[in-house]
Amino acid sequence: MYISQTAAQSIVEEIGREINEHINYMDEEGYIVASTDKARLGTLHTGARRIIEENLPGLYITEEMENETTKKGINLPITIRGRIMGVVGITGEKERVAGYGNIVRRMTEIMVADSLQKDHRKYDRRVRYRFMEEWIGRSGAFYDRGFVERGGQIGIDIMRPRRAMVIRFVRYSELSATQEGQRRLEEMESAVRHYADREEILYLREPPRQICLLEACSDEKIRRIAESVQALLRDKYGERVVIGVDSADGGSIHINQICKEAERAAEAGGLSDIVYYKDLYVELFLRDVTAETQVEYLDRLFPGVPEEELEAYMRLIEVFIEEEGSVTRMADRLYMHKNTIQYKLKKMEALNGRDIRKPVGAAVYYMALQFYRMLNHAEGIGQRSFN
C-alpha cells in the first residue's frame, strides 16, 4: 500500500491546523515525506525507523535523543489492515503534545485509509477507461475470448447489447480557454460521471465529448436519461449540452458503430438539444463540407454583412425554423412586432433573392444556419471574418 506525497502533505496540514503544532508523516522506511515544517522534507527520521523496525507502539524523542534530522516529540505508527503504513509525529514538549497522540494517530489512520480508497477507485477508473477506449475503438462485433474475459474481470459484459449517448458542452471551446473554465468543465464532467455511476451507466470522458453506454433500452427511456443529464447541468451550472443518441432502438453489441452514430448526432445538434442519429438527413453530409466552403456559402448569401448583423440574421432564421414560420410566435419569442419580423425577412431576401418563406429558400437558410454554427463551434464567435 502506498500513499502519495500530495495526499500525505494535505493530511499533515489539515491536522496541523487543528492542533496548531508541527506534524510530520514518515513513510515505511522512516523518511519524512510530508511535514508542516518544509525544511524537514526528505530527511530520515531515526525514531520513525526504530518504530518500524522494532514494531514499537510509539516513541517519544527526548532532548538527549535529538539529532540533525530528528527532533523531540511523540511519534506513533500508522497501521492500516494490520500493516504499518508509516509513522506520524508531533513535534514539541512531551507534556504539551502527549495528549494529542492517540487522537492524531487515529485521525491520520482514517484520513490515510480514505486517501488509499480514493486512489484505488481512481486506479480502477483508469483501468476501465483504458478498456473502454480499446472497446469503442474496435470495429465490428467480433471479440476474442481474452478480450471478453478482460471485460468480465472489471465488471463489463461486452456481449450485452447497449445504447450509446454522446454529450457535448455547447460552450466547451469557450470554457476550455481559461483556467476557471477548465475547472468548471471538470466539475460538470465529474457530476455526469457520478450520475452515470448511480445509474450503472458505463462512462468515458474523451474531451471534448463524454460517452455513456447504457443497457439496451428504448428511445423513450434513453431520452428520459438524456433529459436528466441536461437538467443536472442546467440547474446546477447553468450550462447547455447537446446529446447525440444512436439509432439502435433496443440495443446493439456493435459498440464502435453506435458510438460513431451518437457522435455524429451530437455534432449535428443545434435546433434540438437531444438528437437521434435516425433523424439526421442533410446533417449527415454537412460535416464533410470544408470550412472554406462554408465561409464562401455564407459570404454569398449575406454579402457585406458585418458579424453582429449576421448573428442577428442567424437568430431570426433559427426562430423561424423552430416556430415553423409562424410570425406571431416569432414575434413573441423575439419580443418584436409582427410587422418588424416581416420587414426583417424581406430585408434578408433582398440580400440574395432567397425567400425563407418558400421551401427552396428555407432549405438554403437552414444550411446557412448549420454552417454558421459549425464555424462558431470550431473557432469561437468573433474569431472569424466572413467578408
Side-chain angles (χ1 to χ4, degrees), residues 4 6-7 9-10 13 118-119 121-123 125-126 128-130 132-133 136 164-199 201-213 225-245 259-260 262-275 283 286-287 291 294-295 298 306-312 314-315 318 369-386:
S4 70
T6 301
Q9 186 64 37
S10 176
E13 288 178 357
K118 288 179 180 177
D119 287 344
R121 286 199 297 267
K122 288 180 182 177
Y123 173 77
R125 192 180 306 132
R126 287 196 294 270
R128 287 170 72 88
Y129 278 8
R130 285 196 294 270
M132 288 182 65
E133 287 172 352
I136 291 169
M165 190 172 78
V166 168
I167 304 166
R168 281 186 172 272
F169 290 97
V170 172
R171 295 201 311 133
Y172 185 88
S173 296
E174 179 184 343
L175 291 171
S176 61
T178 66
Q179 186 172 357
E180 175 60 25
Q182 291 172 11
R183 184 194 62 78
R184 188 176 179 83
L185 281 171
E186 289 176 1
E187 285 186 9
M188 293 188 290
E189 289 164 348
S190 178
V192 174
R193 175 170 55 80
H194 287 310
Y195 173 84
D197 289 345
R198 288 196 305 271
E199 298 296 321
I201 296 170
L202 296 179
Y203 171 88
L204 176 64
R205 175 180 178 266
E206 284 193 332
R209 64 180 181 170
Q210 298 173 81
I211 301 172
C212 294
L213 297 178
I225 293 171
E227 288 174 344
S228 295
V229 171
Q230 288 178 329
L232 167 67
L233 298 172
R234 181 182 63 248
D235 297 344
K236 188 172 182 180
Y237 302 99
E239 291 292 336
R240 176 181 168 231
V241 294
V242 173
I243 299 179
V245 180
C259 284
K260 283 181 178 178
E263 172 74 4
R264 290 293 294 271
E267 288 177 346
L271 295 181
S272 174
D273 287 345
I274 301 175
V275 184
E283 296 88 354
L286 289 182
R287 289 279 165 182
Q294 293 174 20
V295 170
L298 290 169
E307 175 69 24
E308 186 175 343
E309 189 178 347
L310 179 62
E311 185 178 351
M314 290 301 130
R315 176 59 176 160
E318 178 182 56
L369 178 61
Q370 296 303 315
F371 289 154
Y372 181 81
R373 283 174 169 161
M374 286 189 287
L375 289 166
N376 276 293
H377 175 74
E379 301 183 35
I381 296 174
Q383 298 181 11
R384 178 194 66 259
S385 176
F386 282 112

Sorted by chain and number, sequence neighbours left out, side chain to side chain contact (heavy atoms under 4.5 Å, CB included) with S176 holds for Y172, L185
Residue set satisfying salt bridge (charged side-chain N to carboxylate O under 4.0 Å, His left out) with E187, at least two apart, ordered chain then number -> R183
Heavy atoms of C212 and I167 approach each other most closely as SG-CD1, 4.0 Å
Salt bridge (charged side-chain N to carboxylate O under 4.0 Å, His left out) filter on E186, not counting sequence neighbours, yields none
Salt bridge (charged side-chain N to carboxylate O under 4.0 Å, His left out) filter on E133, not counting sequence neighbours, yields none
Separation between OH (Y129) and CZ (R205), nearest 0.5 Å, reads 8.0 Å
Sorted by chain and residue number, the side chain to side chain donor-acceptor pair (under 3.5 Å) partners of E13 (sequence neighbours excluded) come out as Q9
For E174, the side chain to side chain donor-acceptor pair (under 3.5 Å) test, sequence neighbours excluded, returns R171
Distance col, row L202:CG vs I136:CD1, nearest 0.5 angstrom, shows 9.0 Å
| Quick one: does Q230's side chain have a donor or acceptor within less than 3.5 Å of a partner on R240's backbone? | no
Sorted by chain and residue number, the side chain to side chain contact (heavy atoms under 4.5 Å, CB included) partners of R315 (sequence neighbours excluded) come out as E318, V319, R333, L334
By side chain to side chain donor-acceptor pair (under 3.5 Å), E206 pairs with (sequence neighbours left out) R209
Residue set satisfying side chain to side chain donor-acceptor pair (under 3.5 Å) with R234, at least two apart, ordered chain then number -> none
Distance col, row M314:CE vs Q370:CD, nearest 0.5 angstrom, shows 10.5 Å
Heavy-atom nearest pair, A265 first then G244, reads CB-CA, 3.7 Å
TODO: State, with a plain yes or no, whether a side-chain heavy atom of M188 is found less than 4.5 Å away from one of L175.
DONE: yes
Residue set satisfying side chain to side chain contact (heavy atoms under 4.5 Å, CB included) with A164, at least two apart, ordered chain then number -> L213, D246, I258, C259, A262
### Task
Taking the side chain as every heavy atom from C-beta outward, state whether V241 and V192 have any atom pair closer than 4.5 Å.
no
Here the pair of heavy atoms bringing E189 nearest to Q210 is CA-OE1, 3.5 Å
Paired with L204, the side-chain contact (heavy atoms from CB on, under 4.5 Å) test is passed by just one of R128, R130, M132, namely M132
When every non-hydrogen atom of F371 is compared with those of Q294, the smallest separation belongs to CD2-CG, 3.4 Å
The salt bridge (charged side-chain N to carboxylate O under 4.0 Å, His left out) partners of R193 (sequence neighbours excluded) come to none
Between the CD1 atom in I211 and the CD atom in E263, the distance rounded to the nearest 0.5 Å is 7.0 Å
Residue set satisfying side chain to side chain contact (heavy atoms under 4.5 Å, CB included) with L232, at least two apart, ordered chain then number -> A191, Y195
